[in-house]
Protein chains: 2
Amino acid sequence: MTIEEEIKQKTFASPHHKVVVNLIYTNNWLVNRHADALKPFGLSIQQYNVLRILRGQHPNAITVNAIIDRMLDKMSNASRLVDKLVVKELVNRVECPKDRRAVDVSITEKGLDLLAEIDRHSGEWQADIVERLSDEEAEQLSGLLDKIRSTESVDCDGNPVES
Amino acid sequence: MTIEEEIKQKTFASPHHKVVVNLIYTNNWLVNRHADALKPFGLSIQQYNVLRILRGQHPNAITVNAIIDRMLDKMSNASRLVDKLVVKELVNRVECPKDRRAVDVSITEKGLDLLAEIDRHSGEWQADIVERLSDEEAEQLSGLLDKIRSTESVDCDGNPVES
DNA sequence: CAACATTAAATGTATATACATTGTATCGAT
DNA sequence: ATCGATACAATGTATATACATTTAATGTTG
């Protein structure tokens, strides 16, 4: 179904307005599918993403701030998110010896096992997307998304500036 | 910035994995900008979307279920969302005469005025996107997003294919 | 028309989230 | 070394959300 059919709107003010609506709609569709897929494993999407970030660093630990840096949505309470994972024994949290304000978070064996288990099943929900887009289309789509976010503004030194 | 730079991840397992991450990341970026833009007007994104749906029907009223149908994220408690808008006097809610289980919701003059006010300022936050993508790129992006969600086969233009 | 199923919306409740604030620790300038 | 500024994580609190249940009205079937 096209976005027009999905939300029962016949026309949009512009292709740009349509693409904004489509992005939000498609993301919700994706997030709902993802959340459903993770439910049997007792993880929220955010918890899953944090675990993946920690696996990427394994066997090293990283601080909460570093986790936020790498998260898809920089949430304000990553601290409580880590709490939940600690309770489930999927991650370890220890005071950072270098800087006692910070904490070092790392994934446990149990956490790695859970991710491996999820990986084994996750092909199923991502497979559809893999089938529908060719590699080229996927790259093209990523490129267009990058472009939407790109800010061409430069500061007084000529360096790119975030808006 | 490319998605790789944004979340400090050097490589992805596949273009398809990358596109999923990029979609979620870009949507969060977009939603945050949108929410910031609406904050001065005291509306959440969801409230804003409901108001726009109601403006699309004006001067007719539609039921809560019809609103949910047209929402970008079909949330379970549209009822409470309408509540908030009623309190702000942006919408009216009256028992539907045809079916007394249902309620007819319609936008008020005050609601229309607020949307018009927002429209006058909203060019600012959407302008960036308009500048960055050409009309063709925007259409192309919408087509790729439709394709991701499609459950049936589609051809290279995103049109359904008979099997 | 009586009994049951279905539908629309509202509500109860546990959890999640945003936002502001707090408690320490570290840094930097004097 | 001391004072103030900044940084990291945790916490308090109001609000938002998902999910299940409830209430009331309508459909359906025998």
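As the structure is a computational prediction, the values presented were derived from the model and not from experiment. To find a chain, count down the sequence lines: A is the first, B the second, and so on, and within it residues start at 1.
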Just the rounded figure in Å: distance from [atom2] of [N] to [atom1] of [X].
X       : N      : atom1 : atom2 : answer
A:Ile45 : D:dA18 : CD1   : P     : 11 Å
A:Leu43 : C:dT15 : CG    : C1'   : 16 Å
A:Asp36 : D:dA18 : CG    : P     : 12 Å
B:Gln47 : D:dA16 : CD    : P     : 7 Å
A:Lys98 : D:dC8  : NZ    : C1'   : 18 Å
A:Asn28 : D:dT17 : CG    : P     : 11 Å
B:Gln46 : C:dT17 : CD    : C1'   : 13 Å
B:Met75 : D:dA16 : CE    : C1'   : 8 Å

Practice prompt. Could you say whether A:Arg80 or A:Pro97 is positioned toward the 5' end of DNA chain C, judged by the nucleotide with the nearest heavy atom to each?
Written response: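 Upstream on the strand: A:Arg80.
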Worksheet entry | Pairwise 5' ranking along DNA chain C for A:Asp73 and B:Ala102, keeping only the more 5' one |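 Result of the comparison: B:Ala102.
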Between [X] and [N], is there a contact of a side-chain N or O with OP1 or OP2 at under 4.0 Å?
X        : N      : answer
B:Arg100 : D:dA25 : yes
A:Lys84  : C:dA16 : yes
B:Arg93  : C:dA10 : yes
B:Thr63  : C:dA9  : yes
B:Asn65  : C:dT7  : no
A:Lys74  : C:dC19 : no
B:Ser79  : C:dA10 : yes

Donor-acceptor pair, distance only, cut-off 3.5 Å: does the side chain of [X] make one with the backbone of [Y]?
X        : Y        : answer
A:Ser150 : A:Lys147 : yes
B:His58  : B:Leu54  : no
A:Asn27  : A:Leu23  : no

Practice prompt. Walk me through it: do B:Asn22 and A:Arg149 pass the test side-chain hydrogen bond (donor to acceptor under 3.5 Å, both in side chains)?
Written response: CA-CA 10 Å; B:Asn22 206 342; A:Arg149 292 194 320 275; 2.8 Å; yes
Practice prompt. Start with the C-alpha gap between B:Glu4 and B:Lys18, add the side-chain angles, then the distance that decides, and say whether salt bridge (charged side-chain N to carboxylate O under 4.0 Å, His left out) holds.
Written response: CA-CA 9 Å; B:Glu4 285 91 342; B:Lys18 182 164 93 172; 3.0 Å; yes
Discussion item. Whether the side chain of A:Arg101 and the base of C:dT24 hold a donor-acceptor pair under 3.5 Å is what I'd like checked.
Written reply: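 No pair found.
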Worksheet item: Base, sugar-phosphate, or nothing for A:Asp83, non-hydrogen atoms under 4.0 angstrom?
Response: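 Counting heavy atoms under 4.0 Å across all strands, no contact is made by A:Asp83.
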Worksheet item: At under 4.0 Å between heavy atoms, what does A:Asn77 touch on the DNA or RNA strands: base, sugar-phosphate, or nothing?
Response: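 Base contact.
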Item to complete: Please determine if A:Arg93 and A:Asp83 form a salt bridge, counting it only when a charged side-chain N lies under 4.0 Å from a carboxylate O.
Response: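 Counted as a salt bridge, because a side-chain N and a carboxylate O are separated by less than 4.0 Å.
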Item to complete: Report the residue (A:Lys39 or A:Ala78) whose heavy-atom-nearest nucleotide on DNA chain D is the more 5′ of the two.
Response: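 Residue closer to the 5' terminus by nearest nucleotide: A:Ala78.
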